Amino acid sequence: MPALIKDGPVWTLDLGGDENRFSPDFLTEVDTALDEIAASAEPAVLLTTGSGKFFSNGLDLDWIMAHAGELPGYVDRIHAMFAKVLTLPVPTVAAINGHAFGGGAMLAIAHDFRVMRDDRGFFCFPEVDILIPFTAGMNALIVAKTTPQAQVASMTTGRRWGGAEAAEAGLVDEATSLDRLREAAEARVAPLAGKDRRTLGRIKQVLYAGAVEALLEPQPSDLTF
Amino acid sequence: MPALIKDGPVWTLDLGGDENRFSPDFLTEVDTALDEIAASAEPAVLLTTGSGKFFSNGLDLDWIMAHAGELPGYVDRIHAMFAKVLTLPVPTVAAINGHAFGGGAMLAIAHDFRVMRDDRGFFCFPEVDILIPFTAGMNALIVAKTTPQAQVASMTTGRRWGGAEAAEAGLVDEATSLDRLREAAEARVAPLAGKDRRTLGRIKQVLYAGAVEALLEPQPSDLTF
Amino acid sequence: MPALIKDGPVWTLDLGGDENRFSPDFLTEVDTALDEIAASAEPAVLLTTGSGKFFSNGLDLDWIMAHAGELPGYVDRIHAMFAKVLTLPVPTVAAINGHAFGGGAMLAIAHDFRVMRDDRGFFCFPEVDILIPFTAGMNALIVAKTTPQAQVASMTTGRRWGGAEAAEAGLVDEATSLDRLREAAEARVAPLAGKDRRTLGRIKQVLYAGAVEALLEPQPSDLTF
C-alpha cells in the first residue's frame, strides 16, 4: 500500500514494494496522500516512487475481472487521480525505480517531471497488446506531456522503453543510475518548493485544462474493455 | 497508377513511377487498396513507397485547372484518404524514395512512421509558394504529427528538406541510403504486424480524433485556391 | 519607445534601449508599426529587437498598479499585440538582445523564429514567482510554439534560461554571439521576404487559430492579478 513520508519540504509518496497496481484501496490511499499535501501550508514538493522492482503496473486487472460491473466508476477514480496529480499545486516528480506499465506509466506522466533508472525496468504502454485502448482521458493526458513522435512510437507499438531510450524520446526527462535516482529526482523539484501554490496550481490548471476536462468526463455506464 | 503488392505480412502500396499525383483514378486505387488491407484478417502492415524519382507530388493541379467546379469534392476525397491512412488499423510506414511535395508530404505524414532516403529527394510543403494555403484539415493533420518548431519551419517557408534535415526536425523518423530504405522502413513496422486491429484502430482514432474531424469536414461548395 | 526602421526588405522594430515594458504608449507604437508593415506592398520581413540590456520585460507593472480598474482592457491590448505578431502576413523573427521576461518572452514567442544572444540575458517566464498566472490566451500562445517538456520546464518553474539552454529546449531556434545576432536573425527570414502575403497570412491564421481565438477573447471586467 502507498505510504506518505514527509522529510522537510520533500513529501515522498512510496507506491509500495509490490506491483503497486491500482486497487480501490490503493486509489484511496493515494487520494488521501495527495489531499494531505495539497492541504499543507509549508513549502512542499511531491516525489513519487516505488520501493521494489516496480514503479507501478497500473490497472488492477484481477480486480476488474472480479468486479466487471464496477468498471466505469473504477476508471473514473483512476482518471481523477491522474487529474489531481497533473494539477497538484506543488512541484511534482516521479522517480521511476522500476517497471512503469500502462496506468503506472500514465501516473508518472502526470507528474511535472520524470527521472528513470537506466539499468533495469521499462516504461511501457502495453495497451495495444492487452486489447485495452486508451480512454479519451488517458489519451489527452499523454498527449499533453509528449511530442507527436513519442506518442505514436509509444502508444501504438507496446514498445518497452529502457531509461536511456525513454529519455531520448522525451517520455522521461532524465535517466540515471538507481543509486542516484532519488537525488536526481529531488534536484528537479526541491529548489521549487517555495512556489506560491495558488499561482502554481492555476498555471497547471490552465496549461492542462483540456486534459483535465477529458479526464473528469464520467465514463459511460456500459464501459467494457 | 498505384499498385498493391502483398508479400507475407508486408503489403506494399507502390504509388507508381511517375510524379504520382492525386488524380481521381489515383485516389480510387489508393482507397481500394486501403480498404483491402483493412478488410484482410492476417497480420499485416502497410508500407507505402514510389518506384521512381518521386514519392508523390500531391495534388493534381492540371486536373484541378480543368475541373474547377469539382474542387470541393476533390479536396474532400484527398482529406478522406489522409484520414483513412491516419487511422488504418494496421501499422503503417512511408518509405520516402524521392520527392514528397505538398499533398505527397502530407500522405507520408499520415503514416505512423516515415523513413526517407538521404542522398536525393526533398520533403517539402510548397503551399506558401504556390499560393494554396493549407486547409483546416491538412493543417490539423500536420499539427498532429509534428512539433511546433517543425510546423513553422516547414509550413511557412516552402523549405525543401533533404532526408537528414527532415529527420533532425522530426518531419521523418529516420534518413538512410536508398539501398537500405525498404529494409529500414520494414524494420519499423514488421515486428508490429500482429497487433490486434480493433485495438490499434481505436487507439489511432482516439489519438487523432481532432485531425480526423477536421479532415472529414466537407469543404465549402465555393472553395477556390 | 519602439521605433520602426526600414532597410530594404528588412523592417526592424527596435523596442527601445530601456526595459521596454508594455506601457499603453508602447502598445500603440507597436500596433502602428505592425499595421504599417502589414499595409506595405513590397517584399518585407519583420525583425524585432532591443538596443540595450533588455529585449523586453513585458507587462508594465507600475502602470497596472496605478490603473487597477483598467487591467482588463490593458491585457486585451497585449493579447491583441501577440495575436497580430503571431499572424503577421510577413516572415517574422525576434533577435533577443537581452532579457526577455514574461510578456517580453511571449512577444518573442509570437514571432515565427527566435535567435538569442548566448553570453548574457535570460529568457524567463517569472509568472509563478510574481503571482500572475498565465491567462488562457498567453497559455495558448506558448503552447502553440513549444513542446510539452519545454512548457512545464519554463512555465511552472520561473527558470531563467540562457541562450544555449533556451535553444536546446526549443524556446528559441538558435543562440549566437551578440556580434552575430542580427546577422543570424536576418538569415532566418530575409530569404523569405517575397512570400505572398495573402497565402502566408492565411497559413498562420489556420495554424494558430486556437491561440488567436484564446488571445482575442475579452478579459472579464473583474480581472485581477
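Lettering follows sequence order; numbering is per chain, from 1. None of these values were measured; they are calculated from a predicted model.
- In this structure, R160(A) places its CZ atom where only 12 or fewer heavy-atom neighbours from other residues, nucleotides or ligands lie under 6.0 Å away.
- Using a 4.5 Å cut-off between heavy atoms, V143(B) contacts chain A through its backbone alone, with no side-chain atom that close.
- Taken to the nearest 0.5 Å, the OG1 atom of T135(A) stands 9.5 Å off from the CZ atom of R202(B).
- One distance of note links CG of L207(B) with CD of Q151(A); it measures 5.5 Å at 0.5 Å rounding.
- Enclosure of atom NZ in K53(B) is not indicated, since only 12 or fewer non-hydrogen atoms of other residues, nucleotides or ligands lie within 6.0 angstrom.
- Atom OG1 of T156(A) sits about 6.5 Å away from atom NZ of K204(B), to the nearest 0.5 Å.
- Residues P148(A) and T146(B) come closest through the heavy atom pair CG-O, 3.4 Å.
- Residues Y208(B) and V152(A) form a side-chain contact, since some pair of their non-hydrogen atoms from C-beta on lies under 4.5 Å apart.
- For a residue to count as touching a neighbouring chain, one of its non-hydrogen atoms must lie under 4.5 Å from one of that chain's; by this rule V128(A) touches chain B with backbone and side chain alike.
- The CG atom of L171(B) sits 8.5 Å away from the CD atom of Q149(A) when rounded to the nearest 0.5 Å.
- There is no contact between I130(A) and chain B, counting heavy-atom distances below 4.5 Å.
- The distance from the OG1 atom of T157(A) to the CD1 atom of I203(B) is 9.0 Å, given to the nearest 0.5 Å.
- For the pair T199(B)/F134(A), no side-chain contact is recorded, criterion being any heavy-atom separation below 4.5 Å from C-beta on.
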